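Lettering of chains follows the sequences in order, A, B, ..., and the numbering in each one begins at 1. These numbers come from a predicted model, not from an experiment.
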Number of protein chains: 2
Amino acid sequence: MKKATIHEIAKALNIDSSTVSRALNNNSRVAKKTKEKVFNKAKELGYKPNLLASNLRKNRSNTIGVVVPRISRYFFSTIIAGIEEVAFKEGFNVVISQSLEQVKREKKIMDNFVSNRVDGVLMSIAWESNDFQHLQNLEGLGIPLVFLDRHPASLESCNKVIIDDYKGACEAVDHLIKSGCKKIAHFAGPQFLEIYKSRLKGYSDTLKKNKLKSEPKLIVASHLMKDDGFNIMRDLLEKHPDIDGVFSANDEAAVGAIKFLKKIGKKVPEDISIVGFSNDPLSEVVEPPLTTVDQFGAEMGKKACELLIQNIKHQKDDPFQYQTIILSPKLIERESSRGVIERRIN
Amino acid sequence: MKKATIHEIAKALNIDSSTVSRALNNNSRVAKKTKEKVFNKAKELGYKPNLLASNLRKNRSNTIGVVVPRISRYFFSTIIAGIEEVAFKEGFNVVISQSLEQVKREKKIMDNFVSNRVDGVLMSIAWESNDFQHLQNLEGLGIPLVFLDRHPASLESCNKVIIDDYKGACEAVDHLIKSGCKKIAHFAGPQFLEIYKSRLKGYSDTLKKNKLKSEPKLIVASHLMKDDGFNIMRDLLEKHPDIDGVFSANDEAAVGAIKFLKKIGKKVPEDISIVGFSNDPLSEVVEPPLTTVDQFGAEMGKKACELLIQNIKHQKDDPFQYQTIILSPKLIERESSRGVIERRIN
DNA sequence: CTGTTAGCGCCTTCAC
DNA sequence: GTGAAGGCGCTAACAG
């Protein structure tokens, strides 16, 4: 079961292992003939390079570490697709880990990344995060970090790629108002995270701009899971049966709300209109087709990866310069698949 | 930016680095006092173990490699959740890679796994796979392999954790027949894969058992993407407008079919009933709530990971003994959310 | 173009 | 309980 090494190739060919190493790495100052011999012998012996040794020697792993809350969320898996596209093109490997929204796991993952000498880290932080020591340590170790979408509200100087959450929220609420909604609730996210703060602000500001009251009772913060959406919708309707619109800070909670509304026989969007952030492909076959704010995950992943690689490459010569890249979200309307919405008059 | 090593800890404490190594690994024959001193100094210096070096020395990485076609599919992300649960409990790290259904990428990933000395591999193969050399090489290198769900039709002797696809298909088609369907189509998957062969066989056999004709024209093989479902449904209905049931080998194609039916104003399940394999959580809020065959991804992931770890641990002493673990799928009915189905009489 | 030498950081005998 | 020595497999000077 012992794997072949460059030394065995060297011995078999009566040359030095350093020449073999150079040949395998396609170094220009190795004779063509030698290279061929080496390649053939390598194949013959079933040689597989040991990257552990190589990376140890070179003190870098050619690997980018990615941390997301969970890969099962469509938004994050599109982000990952974008990251991989750029990373592979640039010759980097990608290691994906999920924090499952737990800081504890986030820290372990970071430790692991450091111990395995990843060259850089891309991350969307867990929403229970309120302690960012583990992130600041990274830079002390010379490992560049770029935040993707979710970033700490308390951290000013950092690299990040985000969408314009404020603008997206404004458009979403605008859309609800234009559809005739008079009383719009907001499913808010954890306020540790800047993105959810911005979405809330966009909601409040847009209501005010349209001369509608922004009532604290209609704003409910949660972790925005499907069950949260279900329960919040139920509780809100109990106290405020005249709610006719919901702006959810993500689509998962929106889906939960729809589930509840379906259960009690309320029609969407005739009785209640819903708009959510993120854009799962199933949104269009949910009934009703859900209007969403598209965050362009793949684009974000690509941009973030490019920024990170840039940081990795210019780590030494350049003074550290933090960048923020802001993408524009896009409202995708799907409510009118049945034609014009006719809002019922209660 | 240079990271602390055990030698620096040793020097600072005037002891040997081998003692530091033992202390950090909690070796029993190191004095308590020494251990404490070492731990403190390690923390003080911000010491992070270099796993590259450690793994190189030990010639194993404590890591399990996982390859799935795509992490964005709900079934695979639940599998991963199950794998991680078991792996972490047993002290293994998990590296996730997606083949994006391409053998080319599958091979690259395998090479990478070997080069990074993963201790074992869990995989669901790409559906264009018809060349399995890269998989058989693994065993030659002493890296145990367990297939998960998707496995090569041509490989007899291997470890695998699968569900009873045949039984699931039978139940699905039975359900359609009991709902009154007379003409049932099948969205089949690539026949390289055993799972899709079994699902097709379950479909045919159940039709025959119920004295219904199994017509080749109603069986369409594809990659079962959403668009495939959409297009196949359209083409089938054009030629056979009297189709009243569909058994889809996965839920994604089923969703595509629903999208098409919605577009042309056909009602599901009144006009056409649909059942699909896999059980995405959105199935219940799609309209109509989709009846599915649940594959219990997390269970499969757990079992597979257990089997793999068992293989890793007993690699030396035991003769290689292949195992097959078969789980039972479960039909989850959701069609009757509107009450009893009343099938229209054309 | 190729060989020599010297580690990367850690672990594991083998001594004492 | 601790130290000394050697090497995991590879690469990067430095010679020639």
Between A:N55 (CG) and C:dC10 (C1'), how many Å, whole number? 15 Å
Does the pair B:R150/B:E101 count as a salt bridge with the N-to-O cut at 4.0 Å? yes
Nucleotides 11-16 of chain D: protein proximity per nucleotide (B base, S sugar-phosphate only, - neither; heavy atom, under 4.0 Å): BBBB--
Euclidean distance, atom CG of residue A:L52 to atom P of C:dC8 [Å, nearest integer]: 18 Å
With sequence neighbours left out, which residue pairs that include part of residues 38-47 of chain A fulfil the side-chain hydrogen bond (donor to acceptor under 3.5 Å, both in side chains) condition? A:K41-A:E44
Side chain to side chain contact (heavy atoms under 4.5 Å, CB included) partner of B:S21, chosen from B:D16, B:I6, B:V38: B:I6
Atom CG of B:L141 to atom C1' of D:dG9: distance rounded to whole Å? 16 Å
For A:L51, which contact category applies under a 4.0 Å heavy-atom criterion: base, sugar-phosphate, or nothing? nothing
Do B:V94 and B:V66 pass the side-chain contact (heavy atoms from CB on, under 4.5 Å) test, and can you show the C-alpha distance, the side-chain angles, and the key distance before you say yes or no? CA-CA 7 Å; B:V94 174; B:V66 179; 3.8 Å; yes
Would you mind reading off the distance between B:N50 atom CG and C:dG9 atom P, rounded to a whole angstrom? 7 Å
Could you check whether A:E90 pairs with A:K313 (Lys NZ or Arg NE/NH1/NH2 to Asp/Glu carboxylate O, under 4.0 Å)? yes
For the pair made of NZ in B:K33 and C1' in D:dT2, what is the distance, rounded to whole Å? 14 Å
Whichever of B:L56 and B:T19 has its nearest DNA chain C nucleotide further upstream toward 5': B:L56
Length of the line joining B:L13:CG and D:dG3:P, which is rounded to integer Å: 10 Å
Integer-rounded Å distance: C:dG3 P and A:N27 CG: 13 Å
From the set D:dG9, D:dG1, D:dG3, return the single nucleotide nearest to any side-chain atom of B:T34. D:dG1
Quick one, B:K11 with B:E8, criterion side-chain contact (heavy atoms from CB on, under 4.5 Å). Give me CA distance, side-chain angles, the key distance, then yes/no. CA-CA 5 Å; B:K11 198 176 286 174; B:E8 285 156 59; 5.6 Å; no
To the nearest angstrom, the CD-P distance between B:E8 and C:dC10 comes to 9 Å
Pairing donors with acceptors under 3.5 angstrom, does anything connect the side chains of A:K35 and A:N27? no
